[in-house]
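The structure appears below as structure tokens.
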Amino acid sequence: MSIVHRIRRWAGREPGLASHLIGILLTMMIVVTAHFTVESEWAYFLRHMSVLSAWGGVCVLLQQLINWSRMPGRIRVVWAATDVLFFTWILYMADPPRGPLLVGYSLLIAASGLFNRVQLVALTTVLTVLAFIMLMVWSPGEIDKPHFCAIFVVGLLVLGGIVGGIVRRHQLLRQYYEKGV
């Protein structure tokens, strides 16, 4: 069995963890490339790499807790909150302008759908909205046009509704086919 086949099987069993680790590793590769091409400060580079490494480690730990726990739902809630916290931390440390990086909040909402729980998507959506608002409060120089921030918040809420709807539809289809109708 090839290594690629093993990774694909593992990713199929653990899609949440796989997507997290792929995203974190790709981000780390971008940070490393940027550091050596733009020559950022070592302290800045190490801070970001440390937070990304810690985030990856926490994801692995939380997946193990989900696998071992009798109440994985609570751990998924902690995972969603942890994702928003780590991502907001990364954004806060980043040099402005942060605009293009804000897409990560949308990705967190979409990734929460991999856990197949509508309530988790709703929670992640609310947490990303609150985190974005807090980030804008902590970085007042980036709010040139407050209505753009409002549009972004509405976009996050709409995306949360779409992902929640898809998850709900998936749950209903699974129930239908499990009944053997």
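Note that the CG atom of L65 and the CG atom of L61 stand 4.5 Å from one another [nearest 0.5 Å]. Once rounded to the nearest 0.5 Å, the distance linking CD1 of I3 with CZ of R6 reads 6.0 Å. In this structure, CZ in R76 is found 12.5 Å from CE in M71, a value given to the nearest 0.5 Å. A distance of 6.5 Å separates CG in L21 from SG in C59, rounded to the nearest 0.5 Å. The line from CG of L62 to NE2 of H20 is 9.0 Å long, rounded to the nearest 0.5 Å. Note that the CG atom of L102 and the CG atom of L135 stand 7.0 Å from one another [nearest 0.5 Å].
Within the 4.5 Å cutoff, no side-chain heavy atoms of W89 are placed close to those of W55. You'll find the side chain of V38 stays beyond 4.5 Å of the side chain of T33, heavy atoms only. Inter-residue side-chain proximity for L123 and V77 is flagged as met; some heavy-atom pair is nearer than 4.5 Å.
Scanning all heavy atoms of the two residues, the minimum distance from V31 to H48 falls at CG1-CB, 4.4 Å. The shortest non-hydrogen separation linking Y44 to D95 is OH-N, 3.2 Å. The shortest heavy-atom contact between E14 and N67 is OE2-ND2, 3.2 Å. Between S69 and I75, the shortest heavy-atom contact is CB-CD1, 3.4 Å. Of all the heavy atoms in I66 and P72, the pair that sits closest is CG2-CB, 3.8 Å. Nearest approach of L114 to S19, heavy atoms of both residues: CD1-OG, 3.3 Å.
Side chain of S139 to backbone of M136: no donor-acceptor contact under 3.5 angstrom is found. Side-chain atoms of Y177 do not come within 3.5 Å of backbone N or O of L172 as any donor-acceptor pair. Looking only at distances, a side-chain donor or acceptor of S112 sits under 3.5 Å from a matching main-chain atom of I109. One N or O on the side chain of R98 and one on the backbone of A94 form a donor-acceptor pair closer than 3.5 Å.
Following chains of ILVMFWY side-chain contacts shorter than 4.5 Å, one can reach M49 starting from V60, so the two form part of one hydrophobic cluster. At a threshold of 4.5 Å between side-chain heavy atoms, the hydrophobic network of Ile, Leu, Val, Met, Phe, Trp and Tyr places L120 and V126 in two separate groups. V51 and L91 fall within a single hydrophobic cluster, where Ile, Leu, Val, Met, Phe, Trp and Tyr are joined by side-chain heavy atoms under 4.5 Å apart, directly or via other members. No continuous path of ILVMFWY side-chain contacts below 4.5 Å connects L130 to V154, so the two sit in separate hydrophobic clusters. Linking Ile, Leu, Val, Met, Phe, Trp and Tyr residues whenever their side-chain heavy atoms come within less than 4.5 Å leaves L17 and I22 in two separate clusters.
Residue pairs that meet the ring pair (Phe, Tyr, Trp, His ring centres under 6.0 Å) test with at least one member in residues 111-146, sequence neighbours left out, are W79-F115, Y92-W138, F132-F152.
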T27 and I90: CA distance, side-chain angles, deciding distance, side chain to side chain contact (heavy atoms under 4.5 Å, CB included) verdict: CA-CA 11 Å; T27 303; I90 291 286; 5.9 Å; no

Side chain to side chain contact (heavy atoms under 4.5 Å, CB included) evaluation trace for L46 with E41: CA-CA 9 Å; L46 292 175; E41 296 177 17; over 6 Å; no

Stepwise side chain to side chain contact (heavy atoms under 4.5 Å, CB included) check, H170 with N116: CA-CA 8 Å; H170 179 261; N116 207 28; 3.1 Å; yes

M28/L25 under side chain to side chain contact (heavy atoms under 4.5 Å, CB included): CA gap, chis, key distance, verdict: CA-CA 5 Å; M28 289 174 111; L25 288 172; 4.3 Å; yes

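Here W10 pairs with nothing under the ring-ring contact (aromatic ring centres under 6.0 Å, His included) rule; sequence neighbours left out. Remark: R47 engages no residue in a salt bridge (charged side-chain N to carboxylate O under 4.0 Å, His left out) (not counting sequence neighbours).
At most 12 heavy atoms of other shown residues, nucleotides or ligands fall within 6.0 angstrom of atom CZ in R74.
The side-chain hydrogen bond (donor to acceptor under 3.5 Å, both in side chains) with Y105 is formed by just one residue from the set T125, T128, T88; it is T88.
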